[in-house]
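For reference, the structure is listed below as structure tokens.
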2 protein chains.
Amino acid sequence: MTNSVPATGKRARLVAAACQAMHQQGVEKTTLADIAQAADVPLGNVYYYFKTKNDIVRAVIEAHLAEADAMLAAIEGAYPTPRARLKAVFSGLSEQSELIAEYGCPRGSLCTELDKRADGPEITAELMRVPLDWAARQFEAMGRPDARDLAVELLARYQGTALLANAFHDPGLMEREAARVAEWIDAV
Amino acid sequence: MTNSVPATGKRARLVAAACQAMHQQGVEKTTLADIAQAADVPLGNVYYYFKTKNDIVRAVIEAHLAEADAMLAAIEGAYPTPRARLKAVFSGLSEQSELIAEYGCPRGSLCTELDKRADGPEITAELMRVPLDWAARQFEAMGRPDARDLAVELLARYQGTALLANAFHDPGLMEREAARVAEWIDAV
DNA sequence: GTCTATAGCCAGATAGAC
DNA sequence: GTCTATCTGGCTATAGAC
């Protein structure tokens, strides 16, 4: 390992602060000063860890990807059947309905926003590719030849519902749709 | 009518330019100079029509709402049954798959972005409420007691698919899902 | 490695001549 | 009503002492 983590974990604190701030305020409106203050790091010191703001964005995406990997792996370990896994993921996501109603899906809104950024990192699409591929593998394991289509439908329903729940600031909308999606997974 | 429209239609040009720029670049990254230049209006003159940037955002939303109203009214006039209307709207939307793959759904990404803006206009949610209520009325006319749930599912699928098509820059994804949604409407 | 001070830039908004 | 010139503030990024 070439880079040793500073004892204080400043880098980790900065990334965590950036994740939260960018989710709540959006990428563009989040300033380096916001992040530095939330992480309790002096502004100038941020540049020791990240050369540009875009590097922070990249780190935020990578943090989301790592979290998604860990979450999906944990679910695969905990549930034996693909159907149970799919339902577990979706119910886990909709437990955050309050957060989503207030600020939207952290990964979805990041995708939407970064796509308009001329210099947005190319990894952005991974935020959707990872869960999409995972869901497609589960549907394949269920023997569905249209696994990919079903995965698209599942992810689209989640993302679209998150968008609506956020627009109306209504967590109930998210929970209601989550219940209907669970029925759908059972029926597929 | 208290305000007479200037003969040159500068205001209309500004709103149209703002609509396009904000769809393509996002609200935050669109500057008044961008809008003024695209509309061929000198920068300082913009402030004669709009006191603040937020006023332009409001006008953009109102333009989208007016367009949606006109579109839905036209479809209601052209198709007799609710089922045909729902399919017509959805197929109309997915004809713009190239545009959506490049920049996302104009109304969806606007909702997502404006919700993170502290001073975002309250009308924002209308962008989703109008089509949602309209779809719910169509499902009601089909005698469905769960009309509202079905409307949420329909709009969520559209918005979610638009987000994915944009993330992957894949118009085909939008078209494929549109075809599957059409089947779903027939089966409901 | 850490932090202060500040450079440099660019956006939103205004003043005021015409 | 129209337009030029400019003010003001905030943000990214850097310089350089410690």
Side-chain angles (χ1 to χ4, degrees), chain A residues 1-61 110 113-114 116-121, chain B residues 1-61 110 113-114 116-121:
Chain A
M1 191 165 308
T2 51
N3 281 342
S4 62
V5 177
T8 44
K10 282 193 185 178
R11 203 196 123 101
R13 285 209 317 273
L14 285 168
V15 173
C19 269
Q20 184 175 2
M22 287 179 179
H23 179 210
Q24 298 183 355
Q25 316 173 10
V27 175
E28 303 297 338
K29 299 214 75 149
T30 297
T31 69
L32 297 181
D34 288 339
I35 298 170
Q37 188 175 15
D40 200 34
V41 169
L43 177 54
N45 200 3
V46 171
Y47 287 90
Y48 175 74
Y49 296 96
F50 304 97
K51 289 206 198 313
T52 73
K53 182 174 177 180
N54 245 312
D55 283 350
I56 302 187
V57 172
R58 211 184 318 271
V60 164
I61 295 175
L110 202 52
E113 205 178 348
L114 287 180
K116 316 229 163 185
R117 214 177 151 96
D119 52 354
Chain B
M1 188 161 316
T2 50
N3 282 341
S4 63
V5 177
T8 44
K10 281 193 186 179
R11 201 197 124 100
R13 285 208 318 273
L14 285 168
V15 172
C19 270
Q20 185 174 0
M22 288 178 178
H23 179 210
Q24 298 183 355
Q25 316 172 11
V27 175
E28 302 297 338
K29 299 214 72 143
T30 297
T31 68
L32 298 180
D34 288 339
I35 298 169
Q37 187 175 16
D40 201 33
V41 169
L43 178 54
N45 200 4
V46 171
Y47 287 90
Y48 175 74
Y49 296 97
F50 304 96
K51 289 205 198 312
T52 74
K53 184 174 175 180
N54 245 315
D55 283 351
I56 302 187
V57 172
R58 211 184 318 271
V60 165
I61 294 175
L110 203 51
E113 206 178 348
L114 287 181
K116 317 229 162 186
R117 216 177 150 94
D119 51 354

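Excluded from the calculations below are hydrogen atoms, water molecules and symmetry mates; all remaining heavy atoms, backbone and side chain alike, are included. Each chain gets a letter, A, B and so on, in the order its sequence line appears, and its residues count up from 1.
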With respect to the side chain of B:K10, which nucleotide from C:dA13, D:dT2, D:dT12 is positioned closest? D:dT2

I need the CG-C1' distance between B:N54 and C:dA13, as an integer number of Å. 13 Å

Evaluate B:V57 against B:V60 for side-chain contact (heavy atoms from CB on, under 4.5 Å), listing each step before the verdict. CA-CA 5 Å; B:V57 172; B:V60 165; 5.5 Å; no

For B:Y49 and B:V15, run side-chain contact (heavy atoms from CB on, under 4.5 Å): C-alpha distance rounded to whole Å, both residues' side-chain angles, the deciding distance at 0.1 Å, then the answer. CA-CA 10 Å; B:Y49 296 97; B:V15 172; over 6 Å; no

Where each residue is assigned the nucleotide of DNA chain D containing its nearest heavy atom, which of A:D34 and B:L43 is assigned the position nearer the 5′ end? B:L43

Side chain of B:Y47 (C-beta onward), nearest among D:dA13, C:dA13, D:dC3: C:dA13

For atom CD1 of A:I56 and atom C1' of D:dC11, their distance in whole Å: 13 Å

Rounded to the Å, how far apart are A:I35 CD1 and D:dT12 C1'? 12 Å

Would you find more than 12 non-hydrogen atoms of other residues, nucleotides or ligands less than 6.0 Å from B:Q24 atom CD? yes

For B:K53 and C:dA13, give me the distance from atom NZ to atom P, rounded to whole Å. 9 Å

When every non-hydrogen atom of B:A59 is compared with those of B:R11, the smallest separation belongs to CB-NH2, 3.9 Å

Between C:dA11, C:dC3, C:dA13, which nucleotide gets closest to the side-chain atoms of B:T31? C:dA11

Hey, is the side chain of B:Y48 poking within less than 4.0 Å of OP1 or OP2 on D:dG1, counting only N and O atoms? yes

Less than 4.0 Å between a side-chain N and a carboxylate O, is that true for A:E28 and A:R117? yes

Taken to the nearest whole Å, CG/A:D40 to P/C:dT2 is 13 Å

Any B:Y49 side-chain nitrogen or oxygen under 4.0 Å from OP1 or OP2 of D:dG1: no

Examine C:dA11: is either OP1 or OP2 under 4.0 Å from a nitrogen or oxygen in the side chain of A:K29? Give yes or no. no

In whole angstroms, how far is the P atom of D:dT12 from the CG atom of A:D55? 14 Å

In whole angstroms, the gap separating C1' of D:dT12 from CD of A:E28 amounts to 13 Å

From C:dA11, D:dC3, D:dC11, pick the nucleotide closest to the side chain of B:P42? D:dC3

Roughly how many Å is it from CZ in B:F50 to C1' in C:dT14, rounded to a whole number? 18 Å

